[in-house]
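Quick notes on the structure that follows.
Note that the coordinates shown come from a computational prediction; the quantities given were computed from them, not determined experimentally. Note on naming: letters A, B, ... go to the chains in the order of the sequence lines (proteins, then strands), and numbering restarts at 1 for each one.
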2 protein chains.
Amino acid sequence: MSRDDINSSKKATPQPDYQSLAELRYQIRRFLHFSEQAARQARIEPNQHQFLLALKGLPENMRPTIGILAGRLQIRPNSAVELVNRLSKAGFVKRRRDSDDGREVLLVLTAKGEAVLHELSLHHRAELQTAGPVLMAALQAVLKQARPKLNSGKT
Amino acid sequence: MSRDDINSSKKATPQPDYQSLAELRYQIRRFLHFSEQAARQARIEPNQHQFLLALKGLPENMRPTIGILAGRLQIRPNSAVELVNRLSKAGFVKRRRDSDDGREVLLVLTAKGEAVLHELSLHHRAELQTAGPVLMAALQAVLKQARPKLNSGKT
DNA sequence: TGATATATATCGTAGTACGATATATATATG
DNA sequence: CATATATATATCGTACTACGATATATATCA
């Protein structure tokens, strides 16, 4: 007993708002692109930079193992191994075969790795000063039209 | 007995908050990872999906040319050409050598492309229902500590 | 002890963005 | 109007890296 209008008071708008969705992805890409360039300027590969950040910024309750880091980077454990190979070859991290569990490998930042990460983090924080709000806006635009049910809105 | 405590009321915190920075990137990766898997489930390559979205969601004042799309995807124009090659081979887009400028190529979605994009967009919108707020929170956490100066500010 | 699970490592492969370069069309300039 | 130059796409070979499949080492359980 209801007509399917476009979008007015339905549960979830049937037609997605492509424009806001596209804008969100565009802004995300811009930020990621900035990040990659910043990394290369700092003489480190973007994915290696992300590894360093994931390592240093790991929540305290997590152990810095290959597997955990892989999860944080959303890559397969074997890919993480290869990444660590390149990282240690470049002198950014060290492997520490310690722990109770002899299978695990704990990753540790070297001074060099720490330095690059520090520099890059400051740069990123500065960039986010402007990019952040833009991202927020794009995200909110998507969420606004995505809202599943919302009648009696006041706006 | 040192005063380089955490951060309290400085201009811009000298030490970046690695944890919130890392968390932001983690959440971005989770969303992108979801997106990639969703695309593959829909039988399309993630980058091809992004192209379709960028095309359909292009602001009205922009013409859907290779160059413009390349900019929106943050890739080189020649990479965009190759992407379009794969897209048209797969039947998702068509080239339209029209326009006043004979050098340009205008991209057009096929019905097939439209269909996949529609499906994926709904899926993404649904995902963002939960992922969106998490991203927002992560972003805000970074911005909070990144705020450069905050005296006599208006919020 | 033996069986099985888990963590890391190795290796070959495939996919793709890139730089360098080529071609086509447009525009400027004499 | 002919030529020079700029711009938009296109082509081609290369390099990088994440991946699947598999191997090895250690842990855990029966």
_Residue met sooner reading DNA chain D from 5', once A:D100 and A:P77 are mapped to nucleotides_ = A:P77
*Write down the distance between CD1 (B:I66) and C1' (D:dT7), rounded to a whole number of angstrom.*
14 Å
*Kindly check if the number of other-residue, nucleotide or ligand heavy atoms within 6.0 Å of CZ (B:R40) is above 12?*
yes
Protein-nucleotides 14-17 of chain D N/O pairs closer than 3.5 Å?
| residue | atom | partner | partner atom | Å |
| --- | --- | --- | --- | --- |
| D:dT17 | OP1 | A:E45 | OE1 | 3.3 |

*Reckon B:R95 touches a base, only the sugar-phosphate, or nothing at all at heavy-atom distances under 4.0 Å?*
sugar-phosphate
_Salt-bridge contact B:R72-A:E23 (side-chain N to carboxylate O under 4.0 Å)_ = yes
*Proximity to the side chain of B:E104 - top-ranked nucleotide from D:dA8, C:dT10, C:dT8*: D:dA8
_Looking only at the aromatic ring of each residue, does the gap between the centers of B:H123 and B:F34 stay below 6.0 angstrom?_
yes
*asked:* Starting the side chain at C-beta, find the nucleotide from C:dA9, D:dT9, C:dC18 nearest to A:N78.
replied: C:dA9
*If you count the non-hydrogen atoms of other residues, nucleotides and ligands that lie under 6.0 Å from CZ in B:R30, is the total more than 12?*
no
*May I have the distance from A:D101 (atom CG) to C:dT8 (atom C1'), rounded to whole angstrom?*
11 Å
*Taking all non-hydrogen atoms of both residues into account, name the closest pair between B:H49 and B:I44 and its distance.*
N-CD1, 3.7 Å
*Integer-rounded Å distance: D:dA18 C1' and A:Q50 CD*: 16 Å
*asked:* Could you check whether any side-chain N or O of B:S88 sits under 3.5 Å from a backbone N or O of B:G91, counting only pairs where one atom can act as donor and the other as acceptor?
replied: no
*CZ of B:R76 versus P of D:dA10: gap in Å, rounded?*
18 Å
*Round to a whole Å and report the spacing from CG of A:L69 to P of D:dA18.*
14 Å
_Without decimals, in angstroms, what is the distance between B:N85 CG and C:dG15 C1'?_
15 Å
*Look at the side-chain N and O atoms of B:S79 and state whether any lies under 4.0 Å from the OP1 or OP2 oxygen of C:dT16.*
no
*Donor-acceptor pair under 3.5 Å: do we get one between A:R103's side chain and the base of C:dT8?*
no
*Rounding to a whole Å, what distance do you find between B:L83:CG and C:dG15:P?*
15 Å
_Atom-pair distance (CZ on B:R97; C1' on D:dT7), nearest Å_ = 12 Å
*Taking all non-hydrogen atoms of both residues, which atom of A:E104 and which atom of A:R97 are closest, and how far apart?*
O-NE, 3.8 Å
